[in-house]
Amino acid sequence: MSKNLVIVESPAKAKTIEGFLGKDFTVRSSFGHVRDLKKKGLSVDVDNNFEPEYEVSPDKVKVIAELKALVKKSDVIWLATDEDREGEAISWHLEESLNLKDKDTKRIVFHEITKNAIAKAIENPRKIDYRLVDAQQARRILDRLVGFGISPILWKKIKPSLSAGRVQSVTVRLIVERERDIQNFKEEVSYRVTGVFDIKGKSFKAELSKRFKALEEAREYMQACVDASFSVGDLEVKPAKKSPAAPFTTSTLQQEAGRKLGFSVARTMTVAQKLYEEGNITYMRTDSLNLSDTAINAAKAEISSSYGAEYSNPRKFTAKTKGAQEAHEAIRPVDMSRKAVKGDSSAQRLYDLIWKRTLASQMADAQLEKTKVTIDAKGSNILNTASFVGRGEVIKFDGFLKVYMEGTDDDQEEKEAEGLLPAMNKGDSLGRQIITATQRFSNHPPRYSEASLVKKLEELGIGRPSTYAPTISTVQKRGYVVKEDREGHQRQYNLITLDNKGLNESVATETTGTEKSKLFPTDIGIVVNDFLVENFDKIMDYDFTASVEKQFDDIAEGQLKWTTMLKDFYTGFNTSLEDVLENSDRATGERELGEDPKTGKPIIARIGRYGPMVQIGSPDDEEKPQFASLRAEQSITNITLEEALDLFKLPRKVGMYEDADITAAVGRFGPYLRHKSAFYSIKEADGDDPLSIKLDRSIEVIEAKRKADREKLIKTFDEDADMQLLNGRWGPYLKVGKNNFKLPKDTEPTELSYDDCLKIMKEAPEKKGRGAKAAAPKAAVKKPAAKKKTTAKKKPKKK
DNA sequence: CAGTGAGCGAGCTTCCGCTTGACTT
């Protein structure tokens, strides 16, 4: 019988460690935090030293029950949660909710999961560090105060259900401000001159050291080149080196997988989680650059045997990121000699990336030789105002480049790959093949991708490895930000070429401004952000998190009392909450578009109760104002008067079919047709538009939908017209009225009788949470009673 | 699931950070 219970945070870790410890040890996991502030309400007594009200998280009730049973059977409890603020707090919450006795409880930490490290940890137990716990409580409570303090103000002043928080609101701010920078960007025009020269049959590229502002200047210079003679001027050869990037952290893994594999941040984490659970990589939520000695030695061995000892260069990297807590190692393969893993292609590719990055980080620098040639031009005086420069780069020793090179975020359209320059000597004359002057435009700052946003957040010290991916999905779920592709537009540019046929001027076209999977702010995002920046500048400051983090550190070091810190913050914060609630105006992002040609009344675009909308007239007028929602692709900032007027043309009568009207309109879920109280979605992608769709096409859409519905239908019943067996996305299912039911495994739907279906209905498990929407209105009359019932029913389900 | 936007008032929404499955029409 085992007398020791070890509790870690992750089940995969528990499994590994159990193997290292003898059979006197049982290892279990807490699955992260087990207790939190109560879900409902503030649950912080601000008048009583910020006394928090904790509860075991609903999804951890079972975990705690199981652990409690194991505690009873054990003599010593080892709390082996991560060695950081959150981990220390988890240990404390475990101690509290499992009623652990001080004398039987030991706190241990380890940084790598090896038999040795764990044995060492067991030999060196300590007590829970309550100062660190206090720092975590301050962090948790501050976030609750901010989130639950500001969000309700947004419900009143802008729109219900909105949210604000220390992390998400600043994230949205980054995106809104970047979009403004882009809108206000004034592009600069210049002329870039490049030439291809040759010597002894070999050619190379060179670029003029200066750009011209005006076409006229470029023309003048090109003209001078016609009769110029070119020769080799200065030649410079310089050694250079490149060093490998550090091993992966969560943030750099997300960035690199985005750049090289095209993964979203969420997908990277899902795939990494799987690799971790299968024992292929170390923990994937980390901000540490550290590799264990075991890993460094394994990399050294792998490099020496595969590439030779001269390729090995063991290195230690140290974290430079704000607020790094380093409870884990960097993300690396568990076994460096495992060059590939089984699994789907996502897993294989991500593993390959991690393997290469880790290996490269332990490899020698690459040695390069950079050459630079400056070309002399003789002829007209204007040629002396600038000179062509050619650059070459040769790799003398490839070092880490043999396996891996980090990607970049810049779309560098103009950077040419640098190759080897031909052999030449000072004074050699050069042939001119072609010289081109091209009109170029400066680029606006780039929009954020998910990965570049994560990079920015990490730089600012905002959020943690475990929250980057959820934060990005939160701001999208709240409708503050959308991830989209945008089509570019055509742009013309001037081109002057000089080749053996002489000078030639032309105009060419290019596509510019194409965006793929970039983050854009929505109207709501913009209005909420502006409201918050105006009224809560302190919390919206990019340095707010960094400054509270410093205070959390002071708490952890025992130099500051956590209640004092919260009190200092809350006094001012609460005053501003009250002030804003009382004195600030409703924020609607209102913009006047012009006048309605029919009535002469003003038309405005603004945020309404249900989102962005346009409105003719005001409620003060004798006649009621008219309203219409904006389409998904429209925005308050861009919509024109004409587009707004179009919105009021709906709903529109398309024609008659089967003795009933067909009308076209746009609803909450996009454009649709309505016929005999049935709805038929139409898509712009199919070339259908509610403003212009014709009768014959509408009939086509209706008939297509009817056909699809017929194919979906498996069986109906005479006993109940509302009951149907249908084919859905996940196979056959039973539909009764508005409720859907899963069929038991291995059921042949065509053979089900009416009674069978009734049975399936009755035996269906209770729907939980969000799924029960359809039933809600009926229960509305007896809400309090109905509510108790559902919570009571939930429990047996969790057995 | 589908045209809502006056104002009232019920009751609801909301935070960040730690960890995985269960579940979807």
Side-chain angles (χ1 to χ4, degrees), chain A residues 8-13 29-37 39-42 57 59-60 63 81-82 84-87 89-90 93 136 139-155 159-169 273 277 285 327 462-467 470-471 474 478 545 588 606-611 613-615 619-620 624-629 650-651 663 665-674 677-681 712 726-735 738-742 765 767-771 773-774 780 783-784 787:
Chain A
V8 295
E9 289 183 39
S10 134
K13 208 169 171 179
S29 122
S30 74
F31 295 84
H33 271 295
V34 292
R35 215 168 64 143
D36 190 14
L37 291 175
K39 239 177 113 122
K40 289 271 157 62
L42 197 59
S57 313
D59 56 333
K60 298 295 162 54
V63 174
T81 53
D82 296 347
D84 59 11
R85 202 163 63 205
E86 299 296 329
I90 292 174
H93 283 302
Q136 192 274 347
R139 197 281 303 154
R140 178 66 189 93
I141 292 169
L142 178 110
D143 282 335
R144 174 59 68 88
L145 293 174
V146 169
F148 281 32
I150 299 181
S151 299
I153 294 185
L154 297 180
W155 308 342
K159 197 170 107 60
S161 301
L162 294 173
S163 65
R166 173 176 60 82
V167 171
Q168 61 167 279
S169 296
Q273 173 88 30
E277 284 167 13
R285 289 185 275 266
I462 296 169
R464 306 277 314 124
S466 70
T467 60
T471 300
T474 300
R478 297 265 172 277
T545 288
T588 62
R606 66 177 177 94
I607 301 279
R609 177 92 175 59
Y610 304 101
M613 59 178 272
V614 280
Q615 174 181 341
D620 308 334
K624 269 180 111 184
Q626 280 180 272
F627 303 102
S629 290
L650 297 173
T663 49
V666 177
R668 225 151 84 62
F669 307 98
Y672 66 95
L673 295 172
R674 190 174 187 167
S677 77
F679 296 93
Y680 303 87
S681 290
K712 224 173 100 181
L726 300 169
N727 269 315
R729 257 206 286 173
W730 293 280
Y733 67 101
L734 174 67
K735 181 180 160 98
K738 285 185 171 178
N739 294 317
N740 299 314
F741 301 91
K742 212 168 144 179
K767 286 210 174 184
K768 58 174 191 176
R770 300 163 172 274
K773 266 186 209 156
K783 221 162 199 174
K787 219 182 143 195

Which atoms of nucleotides 18-21 of chain B (N or O only) lie under 3.5 Å from a protein N or O atom, and what are those distances?
{"residue": "dC18(B)", "atom": "OP2", "partner": "Ser466(A)", "partner atom": "OG", "Å": "2.6"}
{"residue": "dC18(B)", "atom": "O5'", "partner": "Ser466(A)", "partner atom": "OG", "Å": "3.2"}
{"residue": "dC18(B)", "atom": "O3'", "partner": "Glu9(A)", "partner atom": "OE1", "Å": "3.2"}
{"residue": "dC18(B)", "atom": "O2", "partner": "His33(A)", "partner atom": "N", "Å": "2.6"}
{"residue": "dT19(B)", "atom": "OP1", "partner": "Tyr283(A)", "partner atom": "OH", "Å": "2.3"}
{"residue": "dT19(B)", "atom": "OP2", "partner": "Tyr283(A)", "partner atom": "OH", "Å": "2.7"}
{"residue": "dT19(B)", "atom": "OP2", "partner": "Arg285(A)", "partner atom": "NE", "Å": "2.9"}
{"residue": "dT19(B)", "atom": "O5'", "partner": "Tyr283(A)", "partner atom": "OH", "Å": "3.1"}
{"residue": "dT19(B)", "atom": "O4'", "partner": "Gly32(A)", "partner atom": "N", "Å": "3.4"}
{"residue": "dT20(B)", "atom": "OP1", "partner": "Ser10(A)", "partner atom": "OG", "Å": "2.9"}
{"residue": "dT20(B)", "atom": "OP2", "partner": "Gln273(A)", "partner atom": "OE1", "Å": "3.3"}
{"residue": "dT20(B)", "atom": "OP2", "partner": "Gln273(A)", "partner atom": "NE2", "Å": "2.9"}
{"residue": "dT20(B)", "atom": "OP2", "partner": "Arg285(A)", "partner atom": "NH2", "Å": "2.9"}

- Query: Quick one: side-chain contact (heavy atoms from CB on, under 4.5 Å) partners of Ser169(A), sequence neighbours excluded?
  - Reply: Ala164(A), Leu532(A), Met540(A)
- Separation between the C1' atoms of dA2(B) and dT24(B), rounded to whole Å: 22 Å
- Kindly state whether the pair Trp155(A) / dT14(B) counts as stacked, where counting means centroids closer than 5.5 Å and planes tilted less than 30° apart. no
- Any side-chain heavy atom of Pro160(A) sitting closer than 4.5 Å to one from Arg609(A)? yes
- Query: Side chain of Arg144(A), base of dC16(B): donor and acceptor closer than 3.5 Å?
  - Reply: no
- Just call it for Leu162(A): base, sugar-phosphate, or nothing, with non-hydrogen atoms closer than 4.0 Å on any strand. sugar-phosphate
- Please answer whether the main-chain N or O of Asp82(A) pairs with a side-chain N or O of Glu9(A) as donor and acceptor at a distance below 3.5 Å. yes
- So what does Ser629(A) touch, heavy atoms closer than 4.0 Å: a base, only the sugar-phosphate, or nothing? base
- Item | d(CZ, Arg609(A); C1', dG7(B)) in whole Å | 12 Å
- Task: For Arg166(A) and for Lys159(A), find the nucleotide of DNA chain B with the closest heavy atom, then tell me which residue's nucleotide is more 5'.
- Result: Lys159(A)
- With sequence neighbours excluded, residues passing salt bridge (charged side-chain N to carboxylate O under 4.0 Å, His left out) with Arg140(A): Asp36(A)
- Task: Pick base, sugar-phosphate or nothing for Ala164(A), based on heavy-atom distances below 4.0 Å to the nucleic acid.
- Result: sugar-phosphate
- Quick one: label Arg35(A) by what it contacts on the DNA or RNA (base, sugar-phosphate, nothing), any heavy atom closer than 4.0 Å. nothing
- Message: At 4.0 Å (heavy atoms only), tell me whether Gly608(A) reaches a base, stays on the sugar-phosphate, or touches nothing.
- Response: base
- Task: Using whole Å, report how far CD1 of Ile141(A) lies from C1' of dC15(B).
- Result: 13 Å
- Query: How far does OG1 of Thr81(A) sit from NZ of Lys13(A), to the nearest 0.5 angstrom?
  - Reply: 8.5 Å
- Message: Heavy atoms only, 4.0 Å cut-off, all strands: where does Val167(A) land among base, sugar-phosphate and nothing?
- Response: sugar-phosphate
- Query: Sequence neighbours excluded, which residues qualify as salt bridge (charged side-chain N to carboxylate O under 4.0 Å, His left out) partners of Arg144(A)?
  - Reply: none
- Query: For Gln615(A), which contact category applies under a 4.0 Å heavy-atom criterion: base, sugar-phosphate, or nothing?
  - Reply: nothing
- Query: How far does CD1 of Ile153(A) sit from CG of Leu162(A), to the nearest 0.5 angstrom?
  - Reply: 12.5 Å
- Watson-Crick or G-U stems of DNA chain B, 3 or more pairs, under 3.5 Å, by first number: none
- Pick base, sugar-phosphate or nothing for Arg674(A), based on heavy-atom distances below 4.0 Å to the nucleic acid. base
- Using a heavy-atom cut-off of under 4.0 Å over every strand shown, decide if Ser163(A) touches base, sugar-phosphate, or nothing. sugar-phosphate
- Query: At what distance, to the nearest 0.5 angstrom, does CD of Gln626(A) lie from CD of Gln615(A)?
  - Reply: 10.0 Å
- Task: Write down the distance between CG (Leu650(A)) and P (dT4(B)), rounded to a whole number of angstrom.
- Result: 11 Å
- Message: Just the rounded figure in Å: distance from P of dT14(B) to NZ of Lys40(A).
- Response: 10 Å
- Task: Could you check how far OH of Tyr610(A) sits from P of dC1(B), rounded to whole Å?
- Result: 18 Å
- Message: Distance check needed: dC16(B) C1' versus Gln168(A) CD, whole Å only.
- Response: 10 Å
- Listed by chain and number, what are the salt bridge (charged side-chain N to carboxylate O under 4.0 Å, His left out) partners of Lys60(A), not counting sequence neighbours? none
- NA contact type, Thr81(A), heavy-atom cut-off 4.0 Å: base, sugar-phosphate, or nothing? nothing
- Task: Grab the CG-P distance between Leu673(A) and dC1(B) for me, whole Å please.
- Result: 18 Å
- Item | Distance, rounded to the nearest Å, where Leu42(A) contributes CG and dC15(B) contributes P | 14 Å
- Task: Working to the nearest 0.5 Å, report the span between OG1 of Thr545(A) and CG of Leu142(A).
- Result: 8.5 Å
- Stepwise side-chain contact (heavy atoms from CB on, under 4.5 Å) test for Ser151(A) and Ser163(A): CA-CA 5 Å; Ser151(A) 299; Ser163(A) 65; 4.2 Å; yes
